[in-house]
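Worksheet: the structure to be examined is printed underneath.
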Protein chains: 2
Amino acid sequence: MMIRIEPDSDIAIYTQLTNQIIEGIAKGDIKPGDSLPSVRAFAADLGVNMHTVNKSYHELEKKGIIRIVPKSGAIINIQNGYDNELYTRLREGMKPQIAEAIVFGMSEKDIQNLVKSVVDEFKKSID
Amino acid sequence: MMIRIEPDSDIAIYTQLTNQIIEGIAKGDIKPGDSLPSVRAFAADLGVNMHTVNKSYHELEKKGIIRIVPKSGAIINIQNGYDNELYTRLREGMKPQIAEAIVFGMSEKDIQNLVKSVVDEFKKSID
DNA sequence: ACTTTGTTCTATGAAAACTAGAACAAGGCT
DNA sequence: AGCCTTGTTCTAGTTTTCATAGAACAAAGT
């Protein structure tokens with residue numbers, strides 16, 4: 001899987017990494033059961049510090065997306081389906097963008113089309 | 001308009017303020033032409049520093065949502081409709097949430113329902 | 001005139017992010 | 001058994017961001 005870190009982004013490196021791993025799973029580039037590189041190997045590959053990768057892995061584990069097996073590795077493991085906590089998390093995360101879309105005059109259909117275009121970008125390349 | 005700042009949030013205060021002002025416009029609580037409080041008055045009201053409010057105002061101006069008139073005030077002024085820059089901004093902002101939704105098994109319809117619930121929350125209280 | 005406006009400047013404290021190096025115990029492999 | 005790799009934990013340092021504070025300015029509003 002291809003990861004691209006932008007050091008000058010206003011988004012923290014470990015967050016960039018977390019997001020891109022999630023997007024990689026959404027696209028199907030990585031599947032449940034697959035292993036992520038070791039924190040050291042990944043860090044060397046990306047040109048960042050080991051602890052930065054480690055922080056990202058723990059963020060993914062907290063979200064219930066990977067399982068970290070001490071002395072072994074990190075395996076993609078999606079925890080049980082979507083519950084209220086996930087719903088709330090996603091809602092709060094999308095709120096600012098949706099509000100901004102409305103402010104700029106986008107209709108609900110416009111917004112849904114925008115969302116669909118993002119969904120399609122992920123789903124088109126599955127399998 | 002009611003603004004609620006959470007000092008212990010992991011979201012910066014000026015970002016919280018920016019988002020809530022945008023949401024206030026989306027809900028119709030504030031309308032184009034309305035003035036925002038002066039940076040000093042708003043800061044005193046919220047219990048934060050003047051510069052923090054100022055930073056939020058400039059973020060809103062950069063987004064094209066308000067017009068800051070030096071020595072006068074900040075007026076809600078939505079710049080011309082949605083262009084490619086806005087589209088890209090919104091897409092990038094929603095990407096992480098949509099990817100996470102897909103990862104957890106949500107269908108496109110599920111995601112659209114979630115989006116609709118957020119849109120409705122804003123639009124229900126217009127006028 | 002007087003107040004209020006946004007702006008600009010310097011300064012400081014606190015927290016977050018990132019890097020660095022070292023050490024540890026345990027799993028995997030030969 | 002021996003060796004390498006694993007994630008983990010610890011201390012340490014730097015840089016950046018965020019938020020605060022105070023002062024001063026020129027100009028708009030009253």
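Within every chain, numbering begins at 1; the chains are lettered A, B, ... in the order of the sequence lines, protein sequences first and strands thereafter. All values below come from the heavy atoms of this structure, side chains included, with hydrogens, waters and symmetry mates left out.
- Remark: the backbone N or O of A/L86 is paired with a side-chain donor or acceptor of A/D83 at under 3.5 angstrom.
- Counting to the nearest Å, the P atom of D/dT17 and the CD atom of B/E59 are 14 Å from each other.
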*asked:* For a quick check, with a 4.0 angstrom heavy-atom cut-off, what is the B/S/- contact string for nucleotides 7-14 of chain D, read 5' to 3'?
replied: BBBB----
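- Atom CZ of B/R67 is separated from atom C1' of C/dG6 by 14 Å (rounded to the nearest Å).
- For the pair B/K55 and B/Y14, the cation-pi criterion (under 6.0 Å, within 45° of the ring axis) is fulfilled.
- A donor atom on one side chain and an acceptor atom on the other are not found under 3.5 Å apart for A/S117 and A/D120.
- Minimum heavy-atom separation, B/S9 to B/Q16: CB-NE2, 3.4 Å.
- Here the rule is side chain to side chain donor-acceptor pair (under 3.5 Å) with A/T18, and of A/K63, A/E23, A/E59, A/K62 only A/E59 fits it.
- In this structure, the side chain of A/D45 does not engage the main chain of A/F42 through any donor-acceptor pair within 3.5 Å.
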Find every protein N or O atom lying less than 3.5 Å from an N or O atom of nucleotides 14-18 of chain C, and list the pairs.
unit_1	atom_1	unit_2	atom_2	d
C/dA17	OP1	A/Y14	OH	3.1
C/dA17	OP2	A/K55	NZ	3.0
C/dC18	OP1	A/I13	N	2.3

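- With respect to the salt-bridge test (charged N to carboxylate O, under 4.0 angstrom), the residues B/E121 and B/K27 do not qualify.
- A salt bridge is defined here as a Lys NZ or Arg NE, NH1 or NH2 lying under 4.0 Å from an Asp or Glu carboxylate O, and B/R67 with B/E61 fails to meet this definition.
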Between the protein and nucleotides 11-13 of chain C, which nitrogen or oxygen pairs come in under 3.5 angstrom?
none

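- A distance of 9.0 Å separates CG of B/L36 from CD1 of B/I68, quoted to the nearest 0.5 Å.
- For the 3.5 Å distance criterion, the side chains of B/T52 and B/N49 fail to qualify, holding no donor opposite an acceptor.
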